[in-house]
Amino acid sequence: MTDENDAPEVVASVGPLDPVVVLLREFLHRSGAVRAVAVVEGEPGDEPAIVDVRRLYPTEVEIGERTVLLPHAVELDVPPPALPAVRRLAPFDVDAAAGEIAAPPGGVAHLATAVRGVADLLGGRNVAMVQFETNQPEAPFAITARAGGGDPLVLTLGEEEFEMDPGWPDPPG
C-alpha cells in the first residue's frame with residue numbers, strides 16, 4: 001500500500017502487466033504521443049490496474065491502493081508487439097475555447113484508428129487513452145478507446161470531451 005507520504009516503490013518489472021507497459025511505451029515512441037494510459041481489468045474481484053506511460057517520465061502502475069514506478073528505459077523480458085499502423089504527426093494547432101483542431105487531412109482519424117488498435121491489443125473490455133501534443137500545452141488532445149470497438153471513441157481537448165458517432169472513423173460500409 002502506498003501512503004500519500006510515502007514515495008512509490010521503484011521496480012524492474014510489474015509481472016503480468018509488463019506486456020502492457022511495452023505496448024504503451026512502443027506506441028508512445030512510434031506515434032510521438034506525450035502520454036499513453038491503459039486501464040486493464042484484473043481478476044474477478046480485483047480492481048483494475050492503471051498503467052501510465054509518459055514521455056521522459058518513469059512508468060507509473062497503480063493497482064488498487066499500491067503505486068509502483070518503472071524507470072522509462074528499463075528492459076522488460078517481453079517481445080515488442082505488432083503495433084497498429086501509426087505515423088508521427090506535428091503538434092496540432094488547437095483553439096481549446098472553440099473546441100477546434102487544425103490537423104492534416106485524415107490526421108485525427110489516423111490517430112483514432114491507431115488508438116483503437118492499441119485498445120484492441122489490450123483485449124477484454126480494457127481502455128486505452130493517448131494524449132498528443134498541441135500548440136497549447138494546457139490543452140492536450142487525447143483519444144480514448146475501449147477494446148472491441150463497440151463503444152464510440154472519445155476525443156478530449158483540454159477539459160472538453162467529445163463522444164464521436166459510433167463506428168467513427170471507419171468509412172460507412
Side-chain angles (χ1 to χ4, degrees), residues 1-2 8-89 92 108-134 140-159 161-164 166 168-170:
M1 175 190 260
T2 305
E9 177 184 1
V10 177
V11 298
S13 170
V14 285
L17 291 172
D18 283 355
V20 175
V21 171
V22 171
L23 169 64
L24 295 179
R25 192 168 56 193
E26 292 296 318
F27 188 80
L28 183 106
H29 294 161
R30 175 121 12 114
S31 68
V34 295
R35 183 179 187 197
V37 179
V39 180
V40 181
E41 62 190 345
E43 296 297 320
D46 290 344
E47 293 185 43
I50 300 171
V51 179
D52 189 345
V53 178
R54 295 175 188 234
R55 191 186 295 170
L56 304 176
Y57 282 86
T59 297
E60 186 173 295
V61 178
E62 181 181 323
I63 305 170
E65 294 183 22
R66 182 173 184 230
T67 301
V68 297
L69 299 177
L70 275 81
H72 187 81
V74 71
E75 291 289 330
L76 298 172
D77 191 20
V78 176
L83 291 175
V86 65
R87 65 184 181 280
R88 185 180 294 246
L89 301 175
F92 294 129
V108 173
H110 168 74
L111 293 177
T113 299
V115 172
R116 181 177 280 149
V118 170
D120 287 342
L121 288 171
L122 293 170
R125 297 278 299 146
N126 298 323
V127 174
M129 185 281 297
V130 181
Q131 281 183 342
F132 299 93
E133 194 171 6
T134 71
F141 171 63
I143 302 170
T144 303
R146 183 179 295 278
D151 294 335
L153 293 167
V154 176
L155 306 184
T156 307
L157 181 58
E159 299 296 319
E161 288 187 356
F162 306 91
E163 185 174 298
M164 304 310 289
W168 182 86
D170 296 329

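All heavy atoms count here, side chains included; hydrogens, waters and symmetry mates do not.
The CG atom of Leu24 sits 8.0 Å away from the OG1 atom of Thr59 when rounded to the nearest 0.5 Å. Note that CZ of Phe141 is 7.5 Å distant from CG of Leu157, once rounded to the nearest 0.5 Å. The CG atom of Leu70 sits 10.0 Å away from atom CD of Glu9, with the distance rounded to the nearest 0.5 Å.
Here the closest non-hydrogen pair linking Leu153 and Ala145 is CD2-CB, 3.2 Å. Contact record, Gly148 with Asp120: N-OD1, 2.7 Å, taken as the closest heavy-atom pair. Between Ala128 and Leu122, the shortest heavy-atom contact is CB-CD1, 4.0 Å. The minimum heavy-atom distance linking Pro84 with Ala114 is given by the pair CG-O, 3.4 Å. Taking all atoms of both residues into account, the shortest heavy-atom contact from Ala142 to Gln131 is CB-CG, 3.8 Å.
Between Glu163 and Glu161, the closest side-chain pair of non-hydrogen atoms is not below 4.5 Å. Between Asp77 and Asp18 the shortest side-chain heavy-atom distance does not fall below 4.5 Å. Counting heavy atoms from C-beta outward, Val118 and Val130 have side chains that stay 4.5 Å or more apart. For the pair Leu17 and Ile63, the minimum side-chain heavy-atom distance is below 4.5 Å. Using a 4.5 Å heavy-atom cutoff, the side chains of Phe132 and Val108 are not in contact. Looking only at side-chain heavy atoms (C-beta outward), Met164 and Pro169 stay at 4.5 Å or farther from each other.
Residue Glu133 forms a salt bridge (Lys or Arg N to Asp or Glu O under 4.0 Å) with just one option from Arg54, Arg55, Arg88, and that option is Arg55. Checking each of Leu69, Val20, Val40, Val51 against Val61 for a side-chain contact (heavy atoms from CB on, under 4.5 Å) leaves exactly one that passes, namely Val51.
Qualifying side-chain hydrogen bond (donor to acceptor under 3.5 Å, both in side chains) partners for Asn126, counting only residues two or more places apart in sequence or in other chains: none. For Asp151, the salt bridge (charged side-chain N to carboxylate O under 4.0 Å, His left out) partners at least two apart in sequence or on another chain are Arg125, Arg146.
Under a cut-off of 6.0 angstrom, the local environment of CZ in Phe162 is crowded, with over 12 non-hydrogen atoms contributed by other residues, nucleotides or ligands.
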(message) Does Leu83 form a side chain to side chain contact (heavy atoms under 4.5 Å, CB included) with Leu23? I'd like the steps, not just the answer.
(response) CA-CA 8 Å; Leu83 291 175; Leu23 169 64; 3.5 Å; yes
Quick one: side chains of residues 27-39, donor-acceptor pairs under 3.5 Å with protein atoms, not counting sequence neighbours, listed by atom name and distance.
unit_1, atom_1, unit_2, atom_2, d
His29, ND1, Arg25, O, 3.4
His29, NE2, His72, NE2, 2.9
Ser31, OG, Phe27, O, 2.8
Ser31, OG, Ala33, N, 3.2
Arg35, NE, Asp52, OD1, 3.0
Arg35, NE, Asp52, OD2, 3.3
Arg35, NH2, Asp52, OD2, 2.7

